[in-house]
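Below, chains carry the letters A, B, ... as their sequence lines are ordered, and counting in each starts from 1.
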Number of protein chains: 2
Amino acid sequence: MADSNERYESMVRKLKEHGYKLTHQRLALARVLSVSEGHPDVETIFLRLQDSFPTMSLATVYRNVMLFKSFGEVLELGFPNGRNRFDGNKPFPHPHVICIRCQKIIDPDVGSLKDMTEEVADITGFVILTHRLDFFGICSDCMTEKV
Amino acid sequence: MADSNERYESMVRKLKEHGYKLTHQRLALARVLSVSEGHPDVETIFLRLQDSFPTMSLATVYRNVMLFKSFGEVLELGFPNGRNRFDGNKPFPHPHVICIRCQKIIDPDVGSLKDMTEEVADITGFVILTHRLDFFGICSDCMTEKV
DNA sequence: GTTTTAAATAATAATCATTCTCATTTACAT
DNA sequence: ATGTAAATGAGAATGATTATTATTTAAAAC
């Protein structure tokens with residue numbers, strides 16, 4: 001878990017560097033994303049902002065999540081069901097473990113993929129920029145739950 | 001590249017085993033999926049079937065791709081943009097290399113992820129069922145292309 | 001502190017992939 | 001050949017995301 005204050009500062013810095021306005025909505029969104037507890041989807045982010053911004057529009061959430069993503073300050077995890085999840089706490093490629101029952105997503109600490117990335121670049125002739133590694137399974141909570 | 005005839009036979013066998021009817025549309029779809037040249041999306045599959053089935057419905061493609069997926073005969077690759085891609089030739093987890101310019105997807109031959117999967121299971125307490133590993137970059141064709 | 005103005009927001013319509021509905025057709029068992 | 005449940009085709013519905021536009025606002029200039 002990265003330090004969320006540092007992450008927040010980094011996001012605000014990027015807004016300034018690129019000449020974007022520091023709106024209340026953006027700063028609040030940066031706060032939520034800097035923690036990204038549980039890898040929230042857009043609706044979850046939206047709900048977390050409802051307390052401070054009852055009139056905030058969903059479109060504003062989308063716009064600014066994508067803005068932060070364009071700075072490399074947010075990682076987007078797309079899924080076939082269309083409910084994408086976001087991580088502004090660790091916005092760089094890292095493995096995820098995803099429960100197919102409760103949709104929980106956690107970050108395991110495993111060895112790096114650097115060697116494999118180099119091997120893939122050699123074999124394919126691609127310039128590899130990023131990667132994504134997800135493991136899918138059933139978490140221990142769901143395993144012990146009665147059906 | 002797996003043998004597409006074997007893949008086709010396997011798909012037809014699954015339909016029979018599960019008591020589904022062998023419609024012309026399903027068999028033609030199995031043919032297309034058994035090759036899965038280029039990891040087609042639904043629209044591409046639909047277009048490939050237009051020659052033989054000009055009146056075929058998009059819904060039929062969706063229905064049956066998902067049916068084959070439920071048998072484990074098709075691998076679905078979801079993407080944030082919603083244009084999911086399908087592989088009926090190698091319907092098991094394997095790494096992909098994806099060009100972010102032309103959206104080409106190829107299958108590199110790299111070592112297995114078995115060790116890493118076991119490590120993740122140990123660390124997280126998940127029962128790991130499957131995984132997905134994608135590398136994103138720019139293919140050599142796009143690299144040499146003039147902007 | 002006011003004014004100015006380009007950018008951002010809220011509200012909502014539009015879009016696009018996917019899923020659903022239902023009348024019609026068809027595979028296949030009898 | 002017939003009956004019937006399943007599958008299809010056509011198009012409507014859904015749900016996430018994106019676009020549009022009138023209004024509001026951050027922040028620069030005065």
[X] [atom1] to [N] [atom2], straight-line distance once rounded to whole Å:
X      : N      : atom1 : atom2 : value
A/F53  : D/dT24 : CZ    : P     : 17 Å
B/Q103 : C/dA17 : CD    : P     : 13 Å
B/R85  : C/dA17 : CZ    : C1'   : 15 Å
A/N64  : D/dT18 : CG    : P     : 13 Å
B/F86  : C/dA17 : CZ    : P     : 12 Å
B/E76  : C/dA17 : CD    : C1'   : 11 Å
A/M56  : D/dT24 : CE    : P     : 18 Å
A/L27  : D/dT25 : CG    : P     : 15 Å

Closest-nucleotide ordering on DNA chain D, the 5'-leading residue of A/R63 and A/L58: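 This one resolves to A/L58.
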Please list, pair by pair, any protein nitrogen or oxygen found under 3.5 Å from a nitrogen or oxygen in nucleotides 14-16 of chain D.
residue : atom : partner : partner atom : Å
D/dA16  : OP1  : A/R83   : NH1          : 2.6
D/dA16  : O3'  : A/G82   : O            : 2.7

B/H96 and B/H39 aromatic ring geometry - parallel, tilted or perpendicular at 30°/60° bounds: perpendicular
A/T60 vs C/dT9: side-chain N/O to OP1/OP2 distance below 4.0 Å: no
Approximate separation, where rounding is to 0.5 Å, of A/L29 CG and A/H24 NE2: 14.5 Å
Residues that B/T44 engages under side chain to side chain donor-acceptor pair (under 3.5 Å), provided they are two or more places apart: B/D41
Side chain to side chain donor-acceptor pair (under 3.5 Å) between A/R26 and A/N64, worked out: CA-CA 7 Å; A/R26 274 181 184 149; A/N64 288 304; 2.8 Å; yes
hbond_proxy B/S57 side chain to D/dA10 base (donor-acceptor, 3.5 Å cutoff): yes
Close residues, residues 13-26 of chain A, relative to DNA chain C [heavy-atom separation under 4.0 Å]: A/Y20, A/K21, A/T23, A/Q25, A/R26
A/R85: partners by salt bridge (Lys or Arg N to Asp or Glu O under 4.0 Å), with sequence neighbours left out: none
Residues that B/E9 engages under salt bridge (Lys or Arg N to Asp or Glu O under 4.0 Å), provided they are two or more places apart: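 For B/E9, no residue satisfies salt bridge (Lys or Arg N to Asp or Glu O under 4.0 Å) once neighbours in sequence are set aside.
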Cationic N near anionic O, under 4.0 Å, B/D141 to B/R101: no
Taking all atoms of both residues into account, what is the closest heavy-atom pair of [X] and [Y], and its distance?
X     : Y     : answer
A/M11 : A/F68 : CB-CE2, 3.8 Å
A/R83 : A/N81 : N-OD1, 2.7 Å
A/V74 : A/G88 : CG2-CA, 4.1 Å

Residues, nucleotides or ligands: over 12 heavy atoms within 6.0 Å of A/Y20 OH: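 Not buried by this count: 12 neighbours or fewer within 6.0 Å.
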Overall bend - the helix from C/dG1-D/dC30 to C/dT30-D/dA1, comparing terminal axes fitted on five pairs, nearest 10 degrees: 30°
